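Report on the structure given below.
Note that the structure is a prediction, hence the values are computed from the model and not measured.
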Amino acid sequence: MRRLWPLTVRGTGALILSLACFVVAGETAVEELIYFGILLLAVLGASIGSLYFARRSDVVARALIPDVASVGRETLVNVRVGVRTAVPTAPGWWIDTIPKGLSGSAEGIFPALGSGLRGNERVVELSYPVRGEKRGVHYLGPLSVRSTDPFGLARRSNVFGQRTAVTVAPAMVDLPPLIDYAGAAGGTLHTTTHQLGQGADNLVARPYVPGDSMRRIHWRATAHRDALMVRQEEQESTPEASVVIDRSALRWGAEAMSAPGEDPGFEAAVVACVSVVARLVHDGYAVDVLDTDGTVLVERIDGGDMTEVDVMLAQFATLIARRDDTLARLPRLFGGVFTGPIILIVGRFDLADAEAVAPVAQHSSLPLVFAVAPVGDALERAAFSGWHIGVIDPGADLAVAWSSAVGRGTNHALV
């Protein structure tokens with residue numbers, strides 16, 4: 001009921017005073033008090049009218065920098081409020097509604113405005129930072145502005161219903177480069193991470209290393225530098241990698257199917273997936289991102305194309321689990337081929353699963369399996385089959401698990 005009262009403390013005092021004037025005037029027959037009471041009521045009416053009956057239009061538009069927010073990182077929200085009012089307005093107080101998937105403080109002083117009858121609408125620019133807390137699509141707004149009349153007697157809260165969708169992408173962990181483990185990756189990856197953004201035409205030559213073919217000697221560069229140089233563009237290849245995330249709801253909590261950001265285990269797997277993809281792309285791999293049934297989750301990302309990694313992050317903002325269990329079909333995806341690294345990310349992982357995916361390890365130069373909830377000796381059984389193994393703990397450092405799994409030699413006996 002207090003919010004419905006249109007008067008401020010000062011306005012309420014003026015109303016009480018005007019009523020008191022009428023009472024006293026009736027008791028003392030002082031006509032001047034009646035005139036004074038009428039004057040106060042007129043001022044109160046004008047104050048309320050200036051807020052409720054004046055013609056006014058408002059348009060709210062929000063822009064985010066960057067456009068896509070990320071879990072654990074701050075994003076700046078710029079708000080443009082277009083206002084046209086028939087009478088000048090005093091300063092007010094604005095509050096923007098922040099959803100649960102974001103955190104921050106969105107309030108401040110709304111500036112005073114002059115009359116807009118003869119001119120264009122006034123544009124008020126506001127800004128505030130928000131922090132991504134939960135993956136998904138969340139909505140900022142509505143914006144409310146609490147204003148008073150120029151005399152400070154009446155007040156009104158205006159709610160502007162425009163809302164803005166905010167995409168919150170999963171967090172991405174910076175993983176150690178895979179290039180440090182080129183031998184484990186099959187030795188097909190050449191150093192391209194320091195040459196991102198350059199085309200093959202610019203990479204003319206590099207120093208000779210033992211094992212390079214003499215047919216690839218770049219004689220002009222050799223004469224110029226007085227050292228053996230080889231043609232870099234002929235040395236470069238496009239190594240391939242596959243990142244597979246198992247979205248079967250049977251391996252996660254029921255919350256993983258309901259909405260993004262609800263199941264901590266599934267969230268850890270999504271973070272691992274995007275982080276591994278980013279690392280591989282940065283290291284020069286062309287990466288396929290798949291589900292265990294072969295569904296392409298993201299179009300192939302070429303080596304070094306970090307712009308497409310950002311696109312992937314936005315697409316993964318709404319990724320949830322599904323009903324079917326297709327992990328046993330994984331060997332069919334890689335049957336008859338030999339490829340580069342295959343990184344499999346699963347939730348619950350038992351001995352039957354380890355047996356089912358065992359053949360895949362023979363088709364990869366670097367097979368890695370990361371499990372959020374391994375059961376018993378399942379990971380050790382996978383290691384016996386040729387997989388490098390790791391555990392994803394939602395509360396632990398993913399970079400440590402990555403380094404340990406990549407650097408660990410393949411086990412050939414059960415631990």
Side-chain angles (χ1 to χ4, degrees), residues 1-13 44 47-116 119-169 171 259-261 317:
M1 296 299 293
R2 186 177 181 181
R3 293 182 180 179
L4 297 177
W5 184 245
L7 300 178
T8 63
V9 174
R10 181 185 300 175
T12 302
L44 288 173
S47 298
I48 295 174
S50 67
L51 295 177
Y52 285 85
F53 301 108
R55 190 173 181 179
R56 176 174 179 157
S57 60
D58 301 88
V59 177
V60 177
R62 300 177 183 85
L64 278 71
I65 303 175
D67 294 338
V68 178
S70 298
V71 174
R73 294 188 178 182
E74 282 196 348
T75 299
L76 182 65
V77 181
N78 292 321
V79 186
R80 292 172 59 89
V81 185
V83 182
R84 176 172 294 168
T85 177
V87 296
T89 63
W93 189 262
W94 65 270
I95 299 176
D96 207 3
T97 305
I98 298 179
K100 292 182 179 180
L102 302 168
S103 64
S105 177
E107 57 183 308
I109 297 175
F110 197 84
L113 298 174
S115 172
N120 296 326
E121 67 177 7
R122 272 65 168 169
V123 176
V124 178
E125 296 187 353
L126 314 169
S127 64
Y128 58 89
V130 294
R131 176 186 174 91
E133 298 294 341
K134 183 183 294 186
R135 186 173 59 90
V137 178
H138 311 284
Y139 290 88
L140 285 171
L143 176 75
S144 63
V145 177
R146 187 174 68 247
S147 55
T148 61
D149 69 287
F151 299 106
L153 300 176
R155 62 187 174 191
R156 182 185 181 186
S157 292
N158 295 284
V159 179
F160 311 127
Q162 294 94 331
R163 302 173 70 197
T164 302
V166 180
T167 299
V168 180

Provide the full list of side chain to side chain donor-acceptor pair (under 3.5 Å) pairs with a residue in residues 93-109, sequence neighbours left out, each pair given once.
Arg62-Asp96, Trp93-Glu107, Asp96-Tyr128, Ser103-Glu133
Calculate, to the nearest 0.5 Å, the distance between atoms [atom1] and [atom2] belonging to [X] and [Y] respectively.
X: Ile65; Y: Leu76; atom1: CD1; atom2: CG; result: 5.5 Å
X: Arg146; Y: Arg156; atom1: CZ; atom2: CZ; result: 14.5 Å
X: Ile109; Y: Leu126; atom1: CD1; atom2: CG; result: 11.5 Å

Just wondering, do Leu140 and Ile98 contact through their side chains at under 4.5 Å, heavy atoms?
yes
Sub-4.5 Å side-chain heavy-atom contact between Val83 and Phe110:
yes
Flag, side chain of [X] to backbone of [Y], donor-acceptor distance under 3.5 Å:
X: Arg135; Y: Ala169; result: no
X: Arg10; Y: Phe151; result: yes
X: Ser47; Y: Ala154; result: no

Considering non-hydrogen atoms only, spot the tightest contact between [X] and [Y] and give its length.
X: Gly136; Y: Pro260; answer: CA-CB, 4.0 Å
X: Thr8; Y: Gly152; answer: OG1-O, 2.6 Å
X: Trp5; Y: Arg155; answer: O-NE, 3.5 Å
X: Glu74; Y: Pro129; answer: OE1-CB, 4.0 Å
X: Val68; Y: Thr167; answer: CG1-O, 3.5 Å
X: Val137; Y: Ala165; answer: CG1-CB, 4.1 Å

Salt bridge (Lys or Arg N to Asp or Glu O under 4.0 Å) involving Arg80 - partner list, sequence neighbours excluded
Glu125
